[in-house]
Structure formats: C-alpha cells, structure tokens
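Just so it is clear: chains get the letters A, B, ... in the order the sequence lines come, proteins before strands, and each one is counted from 1.
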Amino acid sequence: MSRAPTEFEQRVYALVQGIPVGEVVTYAMLAEALGCGSAQAVGQALKRNPFAPQVPCHRVIRTDLSIGGYVGETQGAKLEQKRCLLQKEGVEFDREGRLLDEQRVCTKL
DNA sequence: TCTGTGACCGCTG
DNA sequence: ACAGCGGCCACAG
C-alpha cells in the first residue's frame, strides 16, 4: 500500500523533474542539493516512489558514472530499459552500464 | 578490483 | 515511542 510522500521525498522528486532531457545527475549531487549527506537516502526515495514518467528516475546515476539501479532492480531487464530510455534521450552507455559522455552530467541543478 | 565501514531515510517489530 | 534492519550509495583501505 502507498503512503503519503514525505517532504524529503517531495524535494527529491522536484529536483528529478527539473532535470532537462538529455542530461543526468548523480545521487550525491541530489543529496547535497537536498542538504543531506547520504545519497542512498535519495535512492530510497526514488525506489519507494517511482511515480512513473512523472519522476524520470532513470536520469539519476551514480557518482562513478554507472547507471546504478532502477525501480529496485540492480540488474535485469529494468536496467536495460533504463539504459534504453537514456540512450533515446541522447545519453549513451556502454555494456558495463557506464556513461560514455561525461559532459551529459548536469552539474547545475 | 574488492571488501568494509559510514551516513541517512523509511518500514516493521 | 524505541530499536533494529535494509537499501537505485560514497569513500577509504
């Protein structure tokens, strides 16, 4: 069953929705922008409440430029879908799930 | 490259 | 209300 989104989560969603198409951000970046020192907390918010297309959580990657996970899956078809979505937006990844164009990372939230 | 520890939020007992 | 556990992570050894 769902639960009312906390302010923390709402803040995360707001930032994620603000990510322009064709660019991505890292968990640490969001965490810092949110004022919390933990990126995992950010990932949790996205995992617990992936509001479908409303919140493009696929534009959020790890600091080491790896894709990370998707809707709770750290491997499998979900990751393939995430990679495909990003690639369709102009962000290319290799088979290792690594971002090819580091320039695609939006450093200005 | 891999393992271990740290940090933070939300859920369950 | 309190304590313990797990998770789309980060960093140091």
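Between A:Val16 and A:Pro56 there is a side-chain heavy-atom pair separated by less than 4.5 Å. Using a 4.5 Å heavy-atom threshold, the side chains of A:Leu86 and A:Arg59 count as touching.
Between the P atom of B:dG10 and the CD atom of A:Gln10 lies a distance of 11 Å, rounded to the nearest Å. Distance CD (A:Glu9) to P (C:dG7): 17 Å, rounded to an integer number of Å. In this structure, A:Asn49 places its CG atom 14 Å from C1' of B:dC11, rounding to the nearest Å. Here B:dA7 presents its P atom at 17 Å from CD of A:Glu32, a figure rounded to the nearest Å. Between the OH atom of A:Tyr13 and the P atom of B:dC9 there is a distance of 14 Å, rounded to whole Å. Regarding A:Gln40, its CD atom lies at a distance of 7 Å from the P atom of C:dC9, rounded to whole Å. Regarding A:Phe8, its CZ atom lies at a distance of 13 Å from the P atom of B:dC11, rounded to whole Å. Nucleotide B:dC9 holds its C1' atom 14 Å from the CD atom of A:Glu7, rounded to whole Å.
Side chain of A:Asp94 to main chain of A:Glu96: a donor-acceptor pair is present (N/O by atom type, distance under 3.5 Å, no hydrogens or angles).
If you check B:dC9, C:dA10, B:dA7 against the side chain of A:Ser38, the one that comes closest is B:dA7. Nearest nucleotide to the side chain of A:Arg48, out of B:dC11, B:dC8, C:dA10: B:dC11. In the set C:dG7, C:dC9, B:dC8, the nucleotide with an atom closest to the side chain of A:Lys47 is C:dG7.
Residues of residues 60-77 of chain A that place a heavy atom closer than 4.0 Å to DNA chain C, in numerical order, are A:Arg62, A:Thr63, A:Gly68, A:Gly69, A:Val71, A:Gly72, A:Thr74.
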Residue pair A:Ile67, A:Lys82: steps toward the side-chain contact (heavy atoms from CB on, under 4.5 Å) verdict: CA-CA 8 Å; A:Ile67 277 195; A:Lys82 178 173 181 176; 3.5 Å; yes
Pair A:Gln81-A:His58, side chain to side chain donor-acceptor pair (under 3.5 Å): steps then yes or no: CA-CA 9 Å; A:Gln81 185 177 331; A:His58 59 272; over 6 Å; no
Derivation and outcome, side-chain contact (heavy atoms from CB on, under 4.5 Å), residues A:Ile61 and A:Val25: CA-CA 6 Å; A:Ile61 64 176; A:Val25 262; over 6 Å; no
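With a cut-off of 3.5 Å on both pairing distances, C:dA1 has no Watson-Crick or G-U wobble partner at all.
Listed here is the closest heavy atom pair of A:Val91 and A:Gly22: CG2-O, 3.5 Å.
Looking at heavy-atom distances under 4.0 Å, A:Thr6 makes contact with sugar-phosphate atoms alone, never a base.
Within the structure, a side-chain polar atom (N or O) of A:Arg3 is placed less than 4.0 Å from OP1 or OP2 of B:dC11.
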